[in-house]
Amino acid sequence: MLTTFVSALKISLRALLVNKSRSFLTMLGIIIGVGAVILIMSLGAGAQGLILDQIKGLGSNLVGILPGKSENNGPPASVMGVVVTTLSYDDLKAIRQAPYVLAASGYNKGVETLSWRDSSYDTNLSGTTADYLDVEGGEVSVGRFFSSDEEQNLSRVIVLGSVVKQELFGDSDAIGQRVKVKNQIFEVIGVMATRGKVAFQDYDDQVFLPLKTMQKLISGVDYLGYIRVKIDSDVHVDPAISEIEAILRVRHEINDQSGNSDDFSVRSMAQALDLITTVTDALRYFLIAMAAISLIVGGIGIMNIMLISVNERTREIGLRKAVGATHRNIIFQFLLEAICLTLIGGIIGVIIGTIFSYLASVVINYLGYNFQFIISFGAIILALSVSTLVGLIFGIYPAVKASRLEPVEALSYE
């Protein structure tokens with residue numbers, strides 16, 4: 001049996017090497033398909049890991065409150081760019097009194113140009129509360145953060161991220177300088193320590209100003225974009241969420257306790273991680289399915305080439321059957337050739353996909369993200385198994401057609 005297999009394998013490889021260019025072009029669809037599947041699975045796993053690490057960087061005891069209702073497994077409307085105005089500053093004050101809450105900060109965001117003398121710089125404005133550092137973390141490297149009194153009194157003070165400070169002031173001392181935002185003048189009272197990117201937010205390329213100052217003088221609104229709450233312990237996150245939901249329902253006069261009528265969404269980091277994992281998995285599988293289409297196209301190409309090969313080798317088939325080859329021998333021979341084509345194409349595809357995945361991870365890491373290069377053994381086995389299966393499926397018809405040739409007619413074929 002082994003001798004028969006080795007002999008058939010040698011004949012198959014010899015037949016493929018006779019027409020090297022045709023064999024390679026036939027494998028091209030398989031190479032592209034397998035390479036794309038490996039690339040997508042690798043980048044998908046790396047991207048998922050990157051996103052989850054970024055979210056975890058915020059802390060497992062952090063709870064986010066967004067305006068607008070959301071489904072259990074979906075984001076609220078505000079995430080999709082819809083302006084929802086259901087959260088207020090009074091909501092924030094009430095949440096601070098909830099059990100298990102250590103600190104809570106409200107936010108109003110915007111993008112504006114900061115000017116100082118002849119220099120200007122476009123950056124992100126974060127209107128927030130005095131307990132921002134208690135909730136989000138971070139440190140002030142020079143100067144100080146604004147106080148609760150400054151937050152309440154519409155004080156025109158501002159704290160710069162390290163990138164903004166460098167862009168506007170260079171190596172000069174920024175403390176006490178006055179910068180212009182829109183038509184308002186703000187005094188620089190602090191510069192944040194370099195922190196980098198967390199949850200895809202660049203903490204260094206933004207400035208912080210008192211929330212009410214941002215609302216009244218810059219944005220012209222009286223609602224909050226979102227609220228973040230720090231809970232005293234991981235084990236108290238779920239009961240804290242229940243307390244916060246109850247407080248907001250009372251304040252928003254919502255009698256339905258099931259959550260179906262809520263005009264807000266309260267999510268923990270664990271829930272956010274589950275949601276993001278679900279979304280990224282679905283996207284990854286969809287892209288893999290799209291890439292797998294090229295495997296089907298490659299399989300059709302292999303079937304066509306094998307049919308051509310059957311016609312070209314009709315006399316050879318007739319001769320082999322005349323000297324005793326059975327239907328099963330002929331079917332096995334041509335199936336083995338088809339499988340060899342797809343398996344070799346799959347191996348080349350795995351190599352190319354791995355190379356491109358590695359290069360992509362190098363580029364992404366160069367851009368400043370902690371992106372892991374992930375190629376799982378399971379993904380390689382799956383890709384090679386699928387490519388072999390494609391060869392088996394699309395090689396059956398040509399193999400059966402070859403086995404049904406009559407020896408006398410095949411030998412007289414011109």
Side-chain angles (χ1 to χ4, degrees), residues 54 57-58 78 81 83 85 87 89 92 103-228 366-369:
Q54 290 282 324
L58 292 173
S78 57
V83 177
T85 62
L87 289 182
Y89 190 84
L92 172 62
S105 57
Y107 300 83
N108 186 263
K109 298 274 189 171
V111 178
E112 294 291 345
T113 301
L114 268 68
S115 302
W116 178 71
R117 296 180 182 175
D118 296 330
S119 301
S120 62
Y121 185 67
D122 294 334
T123 190
N124 299 295
L125 267 62
S126 291
T128 187
T129 50
D131 46 5
Y132 167 84
L133 296 180
D134 296 328
V135 176
E136 297 267 5
E139 297 179 355
V140 179
S141 64
V142 181
R144 62 178 178 85
F145 209 75
F146 49 80
S147 64
S148 296
D149 289 339
E150 289 170 324
E151 174 193 328
Q152 296 293 329
N153 297 329
L154 297 180
S155 298
R156 292 172 173 81
V157 293
I158 195 167
V159 179
L160 307 180
S162 59
V163 169
V164 181
K165 186 267 178 187
Q166 192 64 33
E167 290 290 336
L168 282 181
F169 296 97
D171 296 330
S172 302
D173 185 10
I175 304 301
Q177 299 293 336
R178 298 182 182 274
V179 296
K180 185 176 182 181
V181 183
K182 279 192 164 181
N183 58 344
Q184 302 292 329
I185 302 298
F186 289 81
E187 180 185 354
V188 178
I189 61 170
V191 177
M192 299 294 292
T194 300
R195 187 176 179 185
K197 295 178 181 178
V198 180
F200 300 101
Q201 178 181 352
D202 191 341
Y203 278 81
D204 301 328
D205 191 7
Q206 61 178 318
V207 298
F208 304 90
L209 52 157
L211 176 58
K212 288 195 171 183
T213 303
M214 177 74 175
Q215 288 179 312
K216 302 299 182 183
L217 302 182
I218 305 298
S219 301
V221 300
D222 60 357
Y223 58 85
L224 301 183
Y226 60 95
I227 297 171
R228 280 181 178 163
Y366 178 77
L367 294 175
Y369 296 100

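Side-chain atoms are counted along with the backbone in the values below, which use heavy atoms only and exclude waters and symmetry mates.
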First locate atom [atom1] of [X], then atom [atom2] of [Y], and finally report the distance between them rounded to the nearest 0.5 Å.
X: K165; Y: Y121; atom1: NZ; atom2: OH; result: 14.0 Å
X: D204; Y: E167; atom1: CG; atom2: CD; result: 12.0 Å
X: N108; Y: L87; atom1: CG; atom2: CG; result: 11.5 Å
X: L168; Y: R117; atom1: CG; atom2: CZ; result: 11.5 Å
X: D205; Y: T123; atom1: CG; atom2: OG1; result: 4.0 Å
X: Q215; Y: L154; atom1: CD; atom2: CG; result: 9.5 Å

(message) For D171 and Q166: C-alpha separation, side-chain torsions, deciding distance, then whether side chain to side chain contact (heavy atoms under 4.5 Å, CB included) applies.
(response) CA-CA 7 Å; D171 296 330; Q166 192 64 33; 3.6 Å; yes
(request) Determine whether the side chains of T194 and S162 contain a donor N or O and an acceptor N or O closer than 3.5 Å. (result) yes
(message) As a quick check of understanding, evaluate side chain to side chain contact (heavy atoms under 4.5 Å, CB included) for N124 and V207, giving each step before the final call.
(response) CA-CA 6 Å; N124 299 295; V207 298; over 6 Å; no
Between [X] and [Y], is any pair of side-chain heavy atoms under 4.5 Å apart?
X: Q177; Y: F169; answer: yes
X: L125; Y: L114; answer: yes
X: T128; Y: V135; answer: no
X: F146; Y: T213; answer: no
X: I185; Y: R156; answer: no
X: V164; Y: M192; answer: no
X: E136; Y: R195; answer: yes
X: R228; Y: Y132; answer: no

The criterion is side-chain hydrogen bond (donor to acceptor under 3.5 Å, both in side chains); which residues satisfy it with [X], sequence neighbours excluded?
X: S155; answer: none
X: E151; answer: Y89
X: S148; answer: none

Can you name the nearest heavy-atom pair linking [X] to [Y], along with the distance?
X: A103; Y: D131; result: CB-OD2, 4.3 Å
X: L211; Y: Y107; result: CD1-C, 4.0 Å
X: G106; Y: T129; result: N-OG1, 3.6 Å
X: S126; Y: K109; result: OG-NZ, 2.8 Å
X: V188; Y: A174; result: CB-O, 3.3 Å

(message) Pair I218, F186 - check side chain to side chain contact (heavy atoms under 4.5 Å, CB included), show working.
(response) CA-CA 12 Å; I218 305 298; F186 289 81; 4.1 Å; yes
